[in-house]
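Beneath this line is the structure, given in structure tokens, with notes to follow.
Because the structure is a prediction, the values reported are computed rather than measured. The residues of the chain are indexed from 1 along the displayed sequence.
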Amino acid sequence: MPSDQSTWLIAIPNDGDSEGTLQELHTKLGAQSKAALSLSQLPIPSFKTGTLDSLVALSEDLPKQDTFFTATVAKTVDTLRNLLNNDPGKLSQHILVNERPVDEYLLAGWRWNEGRYGVQRGLREMLDVLAKEMASIDNVMKTKLQSYNLAKGSLQQMQRKKTGNLSVRSLVDVVKKENFINESEYMETQLVAVPKNLVKEWSSKYERLTGFVVPRSSTLVTSDDEYSLFSVVIFKRVHDEFIQKCRENKFIVRDFEFSEDQIQKQKEELEAADTTEKELWTELLQISRTNFSEAFQILVHLKVLHLFVESVLRYGLPANYVGFVIKPEAKSIKRTLTTLQSQFAYLGRRSNSTTSNKTSKSSNATTEEFAGEYQGLLEQEFFDFVLFEVPWITL
């Protein structure tokens with residue numbers, strides 16, 4: 001059963017009345033749909049067919065490339081979604097193909113891009129060109145995403161230093177020069193984070209924690225919900241002992257040396273990191289938007305190429321096929337599929353016998369031998385028409 005979260009691309013032999021078939025589908029599918037029917041014709045070029053062996057090899061390779069192509073498109077969408085904070089409204093402004101919504105690209109007169117993928121190429125060469133382009137997009141996205149994530153991580157690390165309580169956060173933007181004594185050969189200022197419930201204890205104890213603590217030198221610098229930050233003046237000779245005594249009393253001495261140059265440097269580094277992150281965010285957003293458009297087009301071209309290959313293997317020559325794009329309602333998947341099976345049931349007798357055998361799953365010796373090499377094809381769901389799916393882009 002095809003997914004209820006995808007648009008269907010189907011192909012049948014062109015019997016010369018594709019417009020009539022399209023009208024019949026409109027009538028039958030429209031009768032069972034309460035909403036406006038999303039259906040249009042899908043032109044399938046007449047590619048060079050090549051040999052049977054080459055077609056079978058392509059039939060094996062195309063699903064692998066399909067998986068990679070689909071994953072690349074999905075990763076690009078995820079990148080855009082993360083950049084835009086999962087905002088569906090904003091995402092819809094960037095999930096565009098040639099500046100058009102995805103549905104419009106598929107349903108409003110899709111055409112094979114002959115200027116870019118000339119049909120004079122062989123099928124294998126065509127697949128290689130598509131795969132090379134998608135691999136290039138994937139590599140660019142990986143590189144740009146990695147650069148952005150590094151810049152974002154660096155910025156977040158700097159910003160984290162400005163968060164948290166006074167026992168752990170950076171004090172660069174908290175303290176001022178006047179909180180410290182002037183440079184002295186014998187004395188120094190220490191900054192101590194005191195839990196709120198121990199402030200009274202600090203006030204009564206700090207002068208006696210060690211010798212050589214300057215009396216009445218404790219000054220409140222600032223407070224948050226958990227700690228109060230005090231400055232206190234001590235003699236350098238008791239530096240280590242003072243820190244140890246504070247630790248024993250659950251007072252946290254902050255390792256901070258006031259330097260206007262260092263403070264200015266840290267501010268400039270934070271500003272530079274913020275600027276770099278924003279620049280790379282903008283660059284990644286733009287390239288993701290562009291690469292989504294490119295990648296989605298490449299994916300659809302691969303699907304059409306796959307439709308052609310499977311149609312030749314199933315219906316044989318002449319290699320003249322017509323396709324249709326159908327976006328079914330999620331609630332009417334079974335009805336839509338039943339209608340299509342009924343409409344194209346006559347094609348069952350036109351399928352190549354080898355294709356029929358692949359899907360019959362019979363237990364005779366011939367099929368068992370065939371299954372060894374083509375087990376993947378055997379497990380595919382079979383319809384009288386050729387069907388491939390383009391996953392919906394979830395906003």
Using 0.5 Å steps for rounding, measure from the [atom1] atom of [X] to the [atom2] atom of [Y].
{"X": "Phe251", "Y": "Leu198", "atom1": "CZ", "atom2": "CG", "answer": "5.5 Å"}
{"X": "Glu133", "Y": "His301", "atom1": "CD", "atom2": "NE2", "answer": "9.5 Å"}
{"X": "Glu277", "Y": "Thr282", "atom1": "CD", "atom2": "OG1", "answer": "8.5 Å"}
{"X": "Asn320", "Y": "Ser311", "atom1": "CG", "atom2": "OG", "answer": "10.5 Å"}
{"X": "Glu241", "Y": "Phe212", "atom1": "CD", "atom2": "CZ", "answer": "10.0 Å"}

Checking [X] side chain against [Y] main chain: does a donor-acceptor pair fall under 3.5 Å?
{"X": "Ser293", "Y": "Arg289", "result": "no"}
{"X": "Ser228", "Y": "Val194", "result": "no"}
{"X": "Thr290", "Y": "Gln286", "result": "yes"}
{"X": "Ser217", "Y": "Val233", "result": "yes"}
{"X": "Asn249", "Y": "Lys245", "result": "yes"}
{"X": "Glu389", "Y": "Ser3", "result": "yes"}
{"X": "Ser154", "Y": "Ala151", "result": "no"}
{"X": "Thr163", "Y": "Arg160", "result": "yes"}
{"X": "Thr275", "Y": "Glu271", "result": "yes"}
{"X": "Ser288", "Y": "Leu285", "result": "no"}

Side chains of [Y] and [X]: any donor to acceptor distance under 3.5 Å?
{"X": "Asn98", "Y": "Gln297", "answer": "yes"}
{"X": "Ser167", "Y": "Asn165", "answer": "yes"}
{"X": "Tyr148", "Y": "Glu279", "answer": "no"}
{"X": "Thr339", "Y": "Ser342", "answer": "no"}
{"X": "Glu268", "Y": "Gln264", "answer": "yes"}
{"X": "Thr70", "Y": "Asp66", "answer": "yes"}

If hydrophobic clusters are built from ILVMFWY residues whose side chains come within less than 4.5 Å, do [X] and [Y] share one?
{"X": "Val304", "Y": "Val102", "result": "yes"}
{"X": "Ile252", "Y": "Phe242", "result": "no"}
{"X": "Leu171", "Y": "Ile263", "result": "yes"}
{"X": "Leu220", "Y": "Ile234", "result": "yes"}
{"X": "Val77", "Y": "Leu299", "result": "yes"}

Taking 4.0 angstrom as the limit, do [X] and [Y] come out as a salt bridge?
{"X": "Arg124", "Y": "Asp61", "answer": "yes"}
{"X": "Asp138", "Y": "Lys142", "answer": "yes"}
{"X": "Arg216", "Y": "Glu207", "answer": "no"}
{"X": "Asp274", "Y": "Lys278", "answer": "yes"}
{"X": "Lys75", "Y": "Asp78", "answer": "no"}
{"X": "Glu226", "Y": "Lys196", "answer": "no"}
{"X": "Arg314", "Y": "Glu310", "answer": "no"}
{"X": "Lys236", "Y": "Asp240", "answer": "no"}
{"X": "Arg116", "Y": "Glu294", "answer": "yes"}

Go through it in stages, so that I can follow the logic: the residues are Phe308 and Leu123, the test is side chain to side chain contact (heavy atoms under 4.5 Å, CB included), and I'd like the CA-CA distance, side-chain angles, deciding distance and then a yes or no. CA-CA 10 Å; Phe308 178 83; Leu123 292 173; 4.0 Å; yes

query = In a check of side-chain contact (heavy atoms from CB on, under 4.5 Å) between Leu191 and each of Phe258, Phe180, Phe230, which one passes?
reply =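 Only one option passes, and that is Phe180.
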
Please determine which of Leu107, Leu307, Ile10 meets the side-chain contact (heavy atoms from CB on, under 4.5 Å) test together with Leu42.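 The single option meeting the side-chain contact (heavy atoms from CB on, under 4.5 Å) with Leu42 is Leu307.
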
| task | Let me see the working for Leu270 and Gln159 under side chain to side chain contact (heavy atoms under 4.5 Å, CB included), right down to the final yes or no. | result | CA-CA 8 Å; Leu270 180 60; Gln159 290 174 331; 4.3 Å; yes

Is the shortest side-chain heavy-atom distance between [X] and [Y] below 4.5 Å?
{"X": "Ser259", "Y": "Lys265", "answer": "no"}
{"X": "Val192", "Y": "Tyr227", "answer": "no"}
{"X": "Pro13", "Y": "Phe344", "answer": "no"}
{"X": "Trp202", "Y": "Val232", "answer": "yes"}

Would you please indicate yes or no on a ring centroid separation below 6.0 angstrom for [Y] and [X]?
{"X": "His94", "Y": "Phe292", "answer": "no"}
{"X": "Phe385", "Y": "Trp8", "answer": "no"}
{"X": "Tyr186", "Y": "Phe235", "answer": "no"}

Looking at Ala11 and Tyr315, what are the two nearest heavy atoms and their distance?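 Heavy atoms only, the tightest pair is O-OH, 4.0 Å.
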
### Task
Grab the two heavy atoms, one from Thr189 and one from Asn179, that are nearest each other, plus how far apart they are.
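So the minimum-distance heavy-atom pair works out to CG2-O, 3.5 Å.
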
| Quiz item: cation-pi between Lys327 and Trp392, 6.0 Å / 45° |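 Positive - Lys327 is close enough to the ring of Trp392 and near enough to its axis.
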
Under the criterion side chain to side chain donor-acceptor pair (under 3.5 Å), I'd like the reasoning laid out for Trp110 against Tyr105: C-alpha separation, chi angles, the key distance, then a yes or no. CA-CA 6 Å; Trp110 185 90; Tyr105 168 72; 2.8 Å; yes

Next on the checklist: As a quick check of understanding, evaluate side chain to side chain donor-acceptor pair (under 3.5 Å) for Gln23 and Glu19, giving each step before the final call.
Outcome noted: CA-CA 6 Å; Gln23 289 303 318; Glu19 287 296 330; 4.9 Å; no

Go through the steps to decide whether Leu313 and Leu52 satisfy the test side chain to side chain contact (heavy atoms under 4.5 Å, CB included), and finish with yes or no. CA-CA 8 Å; Leu313 288 173; Leu52 177 60; 3.7 Å; yes

Yes or no on side chain to side chain contact (heavy atoms under 4.5 Å, CB included) for Leu302 and Leu62, after CA distance, side-chain angles and deciding distance?
CA-CA 8 Å; Leu302 180 82; Leu62 280 162; 3.6 Å; yes

*Taking it one step at a time, do Gln190 and Glu188 satisfy side chain to side chain donor-acceptor pair (under 3.5 Å)?*
CA-CA 7 Å; Gln190 289 291 341; Glu188 64 183 12; 2.9 Å; yes

_Could you walk me through whether Thr76 and Thr79 satisfy the side chain to side chain donor-acceptor pair (under 3.5 Å) test, starting with their C-alpha distance in whole Å, then the side-chain angles of each, then the deciding distance to 0.1 Å, before giving a yes or no?_
CA-CA 5 Å; Thr76 306; Thr79 298; over 6 Å; no

